[in-house]
2 protein chains.
Amino acid sequence: MDPHERRRQILDRSAHLFASKGIAATTIREIADEVGVYSGALYHYFPSKEAIVTELIREYIDDLSGRCREITAQSQTPVDRIEALALLALSTSEDYRGATTIWQREGEYMRDRLVEADLAETADEVERAWRAAIADGVAEGTFRDDIDPDVFYQLIRDAVWQAPRWHRPTSERSNADLAREITRIFVDGFRPRAE
Amino acid sequence: MDPHERRRQILDRSAHLFASKGIAATTIREIADEVGVYSGALYHYFPSKEAIVTELIREYIDDLSGRCREITAQSQTPVDRIEALALLALSTSEDYRGATTIWQREGEYMRDRLVEADLAETADEVERAWRAAIADGVAEGTFRDDIDPDVFYQLIRDAVWQAPRWHRPTSERSNADLAREITRIFVDGFRPRAE
DNA sequence: GTCTATACCCAGATAGAC
DNA sequence: GTCTATCTGGGTATAGAC
């Protein structure tokens with residue numbers, strides 16, 4: 001089999017197993033079984049189990065930060081940027097379901113892998129984009145100044161990044177639909193407005 | 001040492017280790033070290049590592065559901081109930097930091113432990129309380145009917161249960177303060193209201 | 001109730017034939 | 001590049017002395 005393809009296969013199967021059982025609970029032998037080779041063969045592609053994890057996270061962070069930069073480049077209104085960042089979270093979570101789940105589950109373990117792989121700085125770009133959108137909105141009066149912007153950020157971040165755990169895009173509700181609904185709730189609130 | 005006290009010690013140290021490293025990555029020997037005994041001694045108190053986890057979760061779920069029933073008993077307005085349920089999440093997370101973190105990290109593993117321990121039904125009480133408060137609010141017109149109540153529930157649940165990861169109660173901001181702030185954001189939104 | 005010692009298993013990783 | 005076989009370490013759990 002084409003080496004590149006096999007490598008891809010190892011990454012994909014690993015991502016799936018890591019996501020569903022956790023990294024520690026997933027064995028090299030299980031990964032090999034899924035790929036259809038013997039465990040020794042995996043070591044021709046990656047020097048260790050940890051190296052597989054690092055590679056998965058690198059691909060994910062690279063793509064995520066790239067897409068994030070596109071969003072901040074087209075400087076829209078604060079509300080538009082929040083909706084775009086919410087959609088970014090939903091769609092990258094879908095495209096990198098394995099990596100995202102690992103990221104959620106194994107917080108501090110992943111932090112270490114990131115620092116090792118020199119990706120910590122890149123990983124922080126998304127947070128800065130959120131905080132900038134929020135700060136701009138407060139500055140221009142679009143957002144209230146009697147709400148702690150830090151609290152607002154943490155709440156919407158958790159809500160958005162956890163969302164793929166209960167939402168799968170369907171024909172009835174796409175990721176874009178959900179991003180819009182989330183933005184409506186956080187920006188306008190659940191209580192009816194007088195109009 | 002008093003057996004009951006030692007048992008308590010084992011539970012507390014285990015909770016701390018499980019929460020910070022994950023269950024699979026925490027070894028019986030580590031727990032024993034923390035308690036200050038040899039690993040064999042632990043087996044006089046619990047038949048297995050899993051039994052420790054189950055016991056931790058049982059204590060937590062029992063207390064949580066008890067406090068939840070108190071809230072639903074005093075039937076307040078929907079907004080008050082949401083604030084009370086938010087505070088419930090924040091304060092039980094503080095009182096059971098270990099158990100809560102385990103609960104967050106090891107979702108599907110914990111589900112199995114719950115079913116085994118016959119606690120699944122109890123664990124669902126909190127969800128029902130949230131959904132009832134939301135449905136009542138929509139029915140009486142306090143909440144908008146053009147927002148999917150299911151989406152609203154999932155968002156506020158994730159936001160509230162993740163909050164202890166970034167918030168520790170201080171003299172400047174207590175859990176009650178944060179619960180109020182969270183409720184304000186979700187109910188009234190981040191955009192200023194005309195008044 | 002705790003310690004010492006150890007059985008037993010399964011993990012990650014390696015070596016060499018093909 | 002893959003398979004077979006195996007090394008080595010560390011995990012849970014147990015047994016028996018004290």
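Sequence lines set the chain letters: A, B, ... in the order given, protein chains first and strands last, and positions in each chain run from 1.
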Its contact letters, B for base, S for sugar-phosphate only and - for none at protein heavy atoms under 4.0 Å, make nucleotides 12-18 of chain C read BBB----
Verify the distance criterion only: is there a donor paired with an acceptor across the side chains of T92(B) and D95(B) at less than 3.5 Å?
-> no
From dC3(D), dT4(C), dG1(C), nucleotide with atom closest to Y38(B) side chain = dT4(C)
Is there a donor-acceptor pair closer than 3.5 Å between any side-chain N or O of R131(A) and the backbone N or O of P149(A)?
-> no
Close aromatic pair by centroid cut-off 6.0 Å: F186(B) and F190(A) = no
Specify the separation, in whole Å, of atom CG of L17(A) and atom C1' of dA11(C).
-> 15 Å
Roughly how many Å is it from CG in D33(B) to P in dG10(D), rounded to a whole number?
-> 14 Å
Single hit among V151(B), I185(B), D148(B), V187(B) for side-chain contact (heavy atoms from CB on, under 4.5 Å) with I185(A) | V151(B)
Tell me: CD1 of I31(A) to P of dA11(C), nearest whole Å?
-> 12 Å
CZ of R128(B): more than 12 outside heavy atoms within 6.0 angstrom?
-> yes
Describe the nucleic acid contact of F46(A) in one word from base, sugar-phosphate, nothing, applying a heavy-atom distance below 4.0 Å.
-> nothing
Taken to the nearest whole Å, CD/E30(A) to P/dA11(C) is 7 Å
Looking only at side chains, do R97(B) and T101(B) share a donor and an acceptor under 3.5 Å apart?
-> no
Between CD of Q9(B) and C1' of dT2(C) the distance, given in whole Å, is 14 Å
